[in-house]
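Because the structure is predicted, anything quoted here is derived from the model rather than measured.
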There are 2 protein chains.
Amino acid sequence: MNFVYIPGGGITSPQGFVAGVAQAGIKKTDRYDMALVYSKTPATAAGVYTTNKFLAAPVQISQKHLANGIARGFVVNSGCANACTGREGLENAYLMAAKAAEIIGCMPEEVVVASTGVIGVQLPMPKIIKGIEEAGAAPSREKGQLAAQAIMTTDTCSKEIAIELELGGEKVILGGMAKGSGMIHPNMATMLGFITTDAAISPHCLQAALKEATDLSFNMITVDGDTSTNDMVAVFANGLAGNGEIKDKESSDYKTFARALTEVCIALAKMIAQDGEGATKLIEVKVENAPNNRAARVIAKTIAGSSLVKTAIFGEDANWGRIICAVGYSGVDFNPDSVDVYLGNLPVARDGAGLTFDEEDARKILQEDKIVIKVDMKQGEGQATAWGCDLSYDYVKINAAYRT
Amino acid sequence: MNFVYIPGGGITSPQGFVAGVAQAGIKKTDRYDMALVYSKTPATAAGVYTTNKFLAAPVQISQKHLANGIARGFVVNSGCANACTGREGLENAYLMAAKAAEIIGCMPEEVVVASTGVIGVQLPMPKIIKGIEEAGAAPSREKGQLAAQAIMTTDTCSKEIAIELELGGEKVILGGMAKGSGMIHPNMATMLGFITTDAAISPHCLQAALKEATDLSFNMITVDGDTSTNDMVAVFANGLAGNGEIKDKESSDYKTFARALTEVCIALAKMIAQDGEGATKLIEVKVENAPNNRAARVIAKTIAGSSLVKTAIFGEDANWGRIICAVGYSGVDFNPDSVDVYLGNLPVARDGAGLTFDEEDARKILQEDKIVIKVDMKQGEGQATAWGCDLSYDYVKINAAYRT
């Protein structure tokens, strides 16, 4: 199935969604650090959250607010994660929702809250409240792009997408934005991802589609193996496209919608991997013919997460032994004498042992911006794709002095 | 219990063990790259091996040879791992044992074989055979230190230790050497560790003591999260000390020996962590009062393995949020509202939330060469200590061009 990409599209491309931004001064720098995005009409919504035991306050509040599958939009700040902040942090997260609700004209419980930045510091609430007021002063569709900028931390570029498809004869749009960069090893969700759509879909179906989509996208990327306290992906659907409401998970409309949502999530996830802290290359790891899909997923993520694979790719060194080593310590049970490894289309190992290959051919493949590693396990039908990035000097530089 | 450290002691400190080395030219550089160490009299022996599914050929051969708990010594080369090398690799590993056995005057099955270096390349057998002959030409106790040098790869210093204790009224010595540096995240054993002793101990008790010791030492260190194909620790005991043979795991002599072996293994493991590729600091993570010991171990290793914790320590940044974040994603079930974190003796978080602390105090602690992170879970009696190192520019530099 082909979806039409909307050039320059993003979080406000679907009908009825608007955005506002503010320079609240949370991080002192002269940039947008707060965004408010919402549907002008009621919407269903769904979320997935980090599995980190230290759930940041905004994640705890958002989980509660999304429990009934109804929400109008979200308010988000960068520069402070509001994580490990105790009762005061929870109260502040709720106050953010309440202030945003005042502007949107809805209940606080219909607002999703997100924060990203340093852990363990309280939000500067006067600035936050003023920022929400500023963001809410003149929301518009045009400000969707600024919203994608406002959620950036060490991201070097904003991450947006919008696609168009037909559902029940009606044109439906999905828009999305995300932020990533460091502390990226999502499990259930990623750092922050937001998706909007004007499709009509029940909360139950929306939650199911989001789960499917994140498992194949945000949950398959890694930058540094650290699963954040603040990871969250939320989707909002306001039904303005006029398609018949999707209520049945077995319907063809559901399947089309879920595939479109997956496409949006994969595109955003790849943008996050490609823009990992200090990254110079996107690494795509395809595992084929594994004993089962779960095994394929674990192997693909283990390879993408290996510091030694990542540094070899940074150095454009065809050190495939590190790839096969990562397959071996993934924890998956398999027959090691039946594993082939490819760099791009170049076979470098067959049946668990090295092949003679042309170093110049390998070098050319490794000089590209996107490196595809393929592992053919030849022992089942499991398959998975994971994405990561190389490990460079700049990752160390960025993280040796992030806080101070 | 206090053991006496023998200054300058190592693998040949126990009675009856000798070493020989050679410059076999495997890595082209002008340095020792091959060692042969053995007991002049029969010995019991035990080994633990990597859990990586791609067991290197020498590990497979050593596992067979140690199955009966009898071995005289080991032959080891650096510069080539003989991993993922198929049937030819297995034959070559056996030929190394056979050649060494010829020199020692024992059966090939009494020789342990180890290799470390690049994966996926066949051993240059003419050089290897010549090297074993050279190493075997004039073995002596004095060459123990050279043996510790010969097994180094990207290690910046050799890793040796010897301690003395009393067992059943007799003076007993344990000696050890190890190599580490990169691809260090042992599971059952570490890169390469060898321990000798003149104690008399049954194969069964020796294996049990080695398992206990490695679980508290080599299995508690991490440099980069990559578990090697070649990890192995082997111990040899020739009984020349004249103590009554240790045969009973409940005996006090067994307990004394096991504690001494653990002390040796911990000392070597810490040397490996401290000399991790590019490392500037040793990180010691103590987890106390966790729900159980297993939970404490997992949490300690997760913190020690976090790229973000490691880069923060490199940057001397008191970013404790990354420590508590790692506790949270460790996969262990616990109450997040009951966790305290200390940098050295400085409390930085209490009950899962941040404390105000003096940044200057923190900076002083982080400027030391050894950084102690303590996490008090306050919810049980589990405890564990893990060791790691910081993540620096040099780790990236070393690994971006290791092979070429």
Side-chain angles (χ1 to χ4, degrees), chain A residues 50-55 81 83-86 89 118-121 182-183 185 187 224-229 305-308 311-312 314-315 317-322 324-330 332-334 336 349 351-354 359 391-393 395-404, chain B residues 50-55 81 83-86 89 118-121 182-183 185 187 224-229 305-308 311-312 314-315 317-322 324-330 332-334 336 349 351-354 359 391-393 395-404:
Chain A
T50 184
T51 53
N52 194 306
K53 276 274 171 185
F54 290 98
L55 274 187
C84 300
T85 45
V118 182
I119 293 174
V121 178
M183 208 174 263
H185 187 77
N187 190 354
D224 49 16
D226 285 84
T227 303
S228 162
T229 50
S306 158
S307 292
L308 290 171
T311 45
F314 172 62
D317 181 10
N319 198 335
W320 62 269
R322 295 177 177 177
I324 211 163
C325 177
V327 178
Y329 69 72
S330 64
V332 168
D333 194 28
F334 65 90
D351 295 332
E359 288 282 346
L391 173 56
S392 74
Y393 298 114
Y395 177 84
V396 178
K397 186 173 178 181
I398 291 163
N399 286 301
Y402 173 72
R403 197 184 57 108
T404 43
Chain B
T50 183
T51 53
N52 194 306
K53 275 275 171 186
F54 290 97
L55 275 187
C84 301
T85 45
V118 181
I119 294 174
V121 178
M183 208 177 262
H185 187 77
N187 191 353
D224 50 15
D226 286 84
T227 302
S228 162
T229 49
S306 158
S307 292
L308 289 171
T311 45
F314 173 61
D317 181 11
N319 199 336
W320 62 268
R322 294 177 177 176
I324 211 163
C325 176
V327 178
Y329 69 70
S330 64
V332 168
D333 194 27
F334 65 91
D351 296 333
E359 288 282 346
L391 173 56
S392 73
Y393 299 116
Y395 178 84
V396 178
K397 187 173 178 182
I398 291 164
N399 285 301
Y402 174 72
R403 198 185 56 111
T404 45

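- Within the 4.5 Å cutoff, the side chain of B:K53 has heavy atoms near those of the A:D333 side chain.
- Closest non-hydrogen pair, B:G86 versus A:A353, comes out as N-CB, 4.1 Å.
- The two residues A:F54 and B:G328 come nearest to each other via the heavy atoms CD1-CA, 3.5 Å.
- For the side chain to side chain donor-acceptor pair (under 3.5 Å) test, no residue two or more places apart in sequence or in another chain qualifies with A:S330.
- The choice from A:P336, A:A81, A:G352, A:S392 that makes the most heavy-atom pairs within less than 4.5 Å of chain B is A:P336.
- The side chain to side chain donor-acceptor pair (under 3.5 Å) search around B:T85 returns B:N82, not counting sequence neighbours.
- The choice from A:A312, A:G89, A:S306 that makes the most heavy-atom pairs within less than 4.5 Å of chain B is A:S306.
- Of all non-hydrogen atoms in B:V396 and A:Y393, the two that sit nearest each other are CG1-N, 3.7 Å.
- When each of A:G354, A:G120, A:A326, A:A83 is checked for heavy-atom pairs under 4.5 Å with chain B, A:G120 comes out on top.
- Scanning all heavy atoms of the two residues, the minimum distance from A:D317 to B:A400 falls at CB-O, 3.9 Å.
- With respect to chain B, the highest number of heavy-atom pairs below 4.5 Å among A:L391, A:I324, A:V121, A:D351 belongs to A:I324.
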